[in-house]
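Below is one structure, written out as structure tokens; comments come after it.
Any value given below was found using the heavy atoms of this structure, including those in side chains, with hydrogens, waters and symmetry copies removed. Chain identifiers are assigned alphabetically (A, B, ...) following the order of the sequence lines, protein sequences preceding nucleic acid strands; residue numbering begins at 1 within each chain. All values derive from a computational prediction rather than experimental measurement.
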Amino acid sequence: MRSKLFRTLLVVNLDQLLSLSVGFRRNQPLPAPAAVASILRSKAIEFLEKWNTSFGIHYRQLRLGFDYLKNTLRFQFPNLQANAARIQQERKEREMRSKEILLKKFETLKEKFSSIKEEIQSTMDEIRECLDIVRPNDESFRSSELRQIRLDSLKEAEKVHENSDNKVVFDALRELYKLLVTRHLVSAQEWISVLIRVEVADNRSRDSMLKEFIDIRNHIQSVKKKCEESGCALANTMNDEEEDFWEEGKIELSESDSFTAANKRSKDLAKASTSSKAKSEAPECSNKESNGNKRPGRESNESDSTSLRSKLLDEAPLMNWGSFLDNWGSKQDVLANQRGLELEGHWGRVDYDAVIPAEKIAELNIQTTVYKEERVDIQPCRAPLSKGGLCQRQDLRVCPFHGPIIPRDDEGKPIHENSSTEEITLDLGSDLVEQLAKQAVKNVRDRDKEETKKREYDKQALKRAKLAKVREHNEAVLREAAMASTSRSEAFGEDLGATNMDKPMARNKKQTLASMLRKKITTKDRLGQKLLNTRVRDETIRQLTLGEDANYREAFPNQW
Amino acid sequence: MWKDLGDREAGKLRPYSFSNRITSDRIASLQLSNYKEIVSPHRGAVNSLQVDLTEGRYLLSGASDASAAVYDIQRATEYEGGSLVAKHKSIFVVDKQHEHGHKYAISSAIWYPIDTGLFITGSYDHYINVWDTNTTQVVVNFKMPGKIYRTAMSSLATAHMLIAAGTEDVQVRLCDIASGAFAHTLSGHRDGVMTVEWSTSSEWVLVTGGCDGAIRFWDIRRAGCFLVLDQSQSQLGRRPPLLERSAANKAPMSKSLPASQSVNVRPRAPQKKFAYGNGSKQSATGRTSSQAKGLVRQRLHPGMLSSQDRATAHYGAVTGLKVTDDGMYLLSAGSDSRLRLWDIVSGCNTLVNFETVRLQASKAMQLAITNDSALVFVPCMTAVKAFDVWSGKTAMTFRGHYEYVNCCWLSLQDQELYTGGNDRQILVWSPSRLNFDEVDHGSRKEPIHAQDQDNWSD
């Protein structure tokens, strides 16, 4: 329909064209196949509408055809123009609304401007004062005493704060810093964006306010920087504590409770247990942005890069090889032709409109999995036989000749697992915390094995025992937690250990519950951390862009 | 055109022939008008169209939804697209809501030929209403015995005010507006009367075409019909050669040619006749004698030889009739998809082969003919075709309607063709605009015309 000549020639026989393309005459339906015919019809109708909107005024025939199909035959037209107009209208309304909101915000800002400014100013003043107090003190403290240690471990830095005389000042500083970053800086950003977007009659007041806000923001940033420079420790401290919580998710609940509480008392101990962690924590803490707080729960001295790799490897699904791997993770639409999806070696026409959307492809690529029975190593009974040698029967739980299958040594004598661990606990009762930590590590490592083992137990018996055991365990945990801080905890620890470690199952049970409890806390923490991180990152990005904006605006005020 | 103007200025061209030339030129260039549009208020098929005969300004339309409307075709009510398209909305509509409105479809709506103060509608609800245009009230109405297919008033009449009505009934009734009663009842048809037409040469002569395929001529001053057209009585060309009748019966055709040339007013007609008459020469010449005899007998006894009374003009119903402006020829359309040209004086079929493809059979149709009887406009299914009256060749085809076309009317004053069809539209076909029109307004219409140019660049 681009050529005028074409149009003039075409419209003369438009009724024929329409009857052949729309097929509106009952005695002249469109030829089969029906699917193609319906596509043709819908396309024809769509184009007729388009032509009518663009050229209808010049060609009566177009108007007539359109009118006939629409008003006499009641064909459903896509109504593109009206839809477009409606969308336009909606957008306009939305813009109006947002403009109004902005204006309202601007009005409130006008009223509150001075108070906001004062508030921020006062906060910053306080921070400055705090810094003034803290800085020399801190500096000397660090340089004289603990610089070396701090470099080694951030635990030490924390200790400095905890023990220092200016704890109160630091607390206040931390509070103020938090306030500054989370509230004032954010609100300043918001107001700036509001001011940039708002359209008001008096540009002068707006510009002056904007300028002031930018100044304030820059000020805040400088103060924040100062804070971070001088009170680097305080940011890290907060971080560290959170980090501790997270890390100990893999250890025991009782330990974490006692850990923080018994920090002062058994610092060395804690250091010993987490020394390996602390090393890998150090880069994390100093580098907030790329906080690798999702490290796998293994104790390892790997650097961040390798841990990232191992983490990814842990996540990565195990797939069978297939052609679908060629475009793994691609979100592109796939061209389709009459031969299916293959386009390589296809010499025919390629219709670039005939695509299969990415979602469809994803649906097609869903992998089937065949159920595979888990291979279970059935242990031989290994009970000593009267004729010599060991029983080689492989039964699941109970050997019909030798009773329940239990671990045995080479001669076939049963090994008493429980009693041995109990003994160890008892022996090292004085170092309960360390013991428990070791136990936890061991448990973490053995968890998979134990879980498979657990599955082997009779489910019904398990359920019956469950309630009682959970109750018992909860009690135990609570008591332990309560006692951990006292000096008598050691003595109780023996009893508890004795009661707790009666059966491996109870132990196992407790362990899982503990980890469950743990997980809840840590997930929250982790999320909080993550959110904080992203927020901080976003903030900095926005700041940067806004800063550029502001610079530009200041540089070219007349072009704004 | 400029040459004609120059000739006219120099006095080489007679004023009448000058205007005729311009008129025929304009009619030859008829096409669907983009700048004139009639907004049809009808919700049913448009059955009847007529522009008033006095001013040539008001178009009357009657439609199947029992509504009739009047439009001013000279003055547009609104413009669209920057005064590119002039829309003519109806001045008034009378429909079912009107207290005296028709109940069923209006099959025929005609103007009172003397002025535009009255118009007459005939409907399938058996009534003929005579309306006062200014008050849109019914002045007189006539109850007919059946559905009314067509009404007609004589444009020549000075002595009577009769509405001829063709109905389902076999009788044709003449309704006298002056007295409000039936003046005559003309019986002769054996089936309903589809179409009625007054002669354009005599105010007393009425032509009716019935569903029985007969076309009857009535002189309303006498009883009975005086002529029934017979399709088997035919002549070649426009007029049976006078020499042939007076001279020997078996005079060969070729010899009569020079004579007829001298007789005929139009010099080109005989050649045409020769051109298409060749095929049926033998049979035609054979029949001339008997036909001539029949003609004599008919004149002596106006009407009623029973063999003649049963003659048919079409196989099937006669759906349309149109008398040429000079009153010498009659065009008839039938449900057998034939169009026939009759010589009224001789009552013979002239054997012109009109290239019709198909005609609508179920409804009465309205034909239109140009002033000089050169072209006839016939609704052929969804199109309207213009045929050369003398050769039967298709001169133009007007495609625009999406369903069957029922009626057409040629406004002789503006040389515009109005067509109405089952798709409820009334289309205006007008001569293509003269170039100097656009030159005059070229600067003003620039932006709009710019939209309709070639657009090859994105």
Side-chain angles (χ1 to χ4, degrees), chain A residues 1-30 41 44-45 47-77 80-82 85 352-353, chain B residues 30-46 65 79-87 358 381-384 396-405 419-430 432-433 438 445 447-458:
Chain A
M1 287 299 267
R2 286 182 158 201
S3 153
K4 185 183 164 100
L5 180 66
F6 174 69
R7 287 196 292 268
T8 31
L9 293 179
L10 183 74
V11 292
V12 175
N13 288 326
L14 189 73
D15 58 332
Q16 284 179 343
L17 177 80
L18 287 183
S19 68
L20 291 178
S21 59
V22 181
F24 63 87
R25 294 202 200 286
R26 202 162 299 158
N27 53 358
Q28 259 183 319
L30 292 178
R41 178 179 297 123
I45 286 173
F47 274 106
L48 179 66
E49 192 189 13
K50 268 189 206 162
W51 293 349
N52 185 51
T53 49
S54 44
F55 302 113
I57 197 74
H58 301 286
Y59 300 98
R60 177 86 171 107
Q61 289 94 336
L62 272 181
R63 269 177 281 154
L64 271 178
F66 179 74
D67 188 66
Y68 179 69
L69 291 189
K70 189 171 185 179
N71 296 329
T72 307
L73 298 184
R74 312 267 176 210
F75 271 90
Q76 211 61 54
F77 279 85
L80 292 172
Q81 209 179 22
Y352 287 98
D353 293 333
Chain B
L30 280 181
Q31 59 184 27
L32 188 58
S33 170
N34 187 47
Y35 49 87
K36 194 165 183 178
E37 200 172 296
I38 288 174
V39 183
S40 163
H42 302 302
R43 284 189 296 276
V46 179
D65 64 341
Y79 291 90
E80 204 175 71
S83 78
L84 189 69
V85 179
K87 292 205 162 186
R358 251 183 100 194
M381 306 308 269
T382 64
V384 174
M396 284 176 273
T397 305
F398 303 99
R399 299 185 154 277
H401 285 283
Y402 281 81
E403 280 171 36
Y404 294 160
V405 184
T419 58
N422 283 352
D423 58 357
R424 306 174 300 165
Q425 298 283 353
I426 298 169
L427 300 188
V428 185
W429 308 79
S430 54
S432 52
R433 270 190 172 177
E438 283 182 16
K445 285 175 182 164
I448 284 195
H449 276 274
Q451 291 170 13
D452 189 31
Q453 293 308 314
D454 282 0
N455 176 26
W456 292 111
S457 55
D458 278 316

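- Proximity to chain B among residues 13-21 of chain A is limited to A:Asn13, A:Leu14, A:Asp15, A:Gln16, A:Leu18, judged by heavy-atom separations below 4.5 angstrom.
- With sequence neighbours excluded, no residue forms a side-chain hydrogen bond (donor to acceptor under 3.5 Å, both in side chains) with A:Lys70.
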Run B:Val85 and A:Arg63 through side chain to side chain contact (heavy atoms under 4.5 Å, CB included) and show every step you take.
CA-CA 11 Å; B:Val85 179; A:Arg63 269 177 281 154; 3.4 Å; yes

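- Side chain to side chain, B:Gln425 and A:Asp67 meet the donor-acceptor criterion of an N or O pair below 3.5 Å.
- Of all heavy-atom pairs spanning B:Leu32 and A:Leu64, the tightest one is CD2-CD1, 4.0 Å.
- Defined by atom type and a distance below 3.5 Å, a donor-acceptor pair is present between the side-chain atoms of B:Arg424 and A:Thr72.
- We find the CG-CD distance between A:Leu73 and B:Glu403 to be 6.5 Å, quoted to the nearest 0.5 Å.
- For B:Ser33, the part lying under 4.5 angstrom from a heavy atom of chain A is the backbone only.
- Ring planes of B:Tyr402 and A:Tyr68: parallel class, angle under 30° (limits at 30 and 60°).
- For the atom pair A:Arg25 CZ and B:Thr382 OG1, the distance stands at 5.0 Å (nearest 0.5 Å).
- For the pair A:Arg60 (side chain) and B:Gly400 (backbone), a donor-acceptor distance under 3.5 Å is absent.
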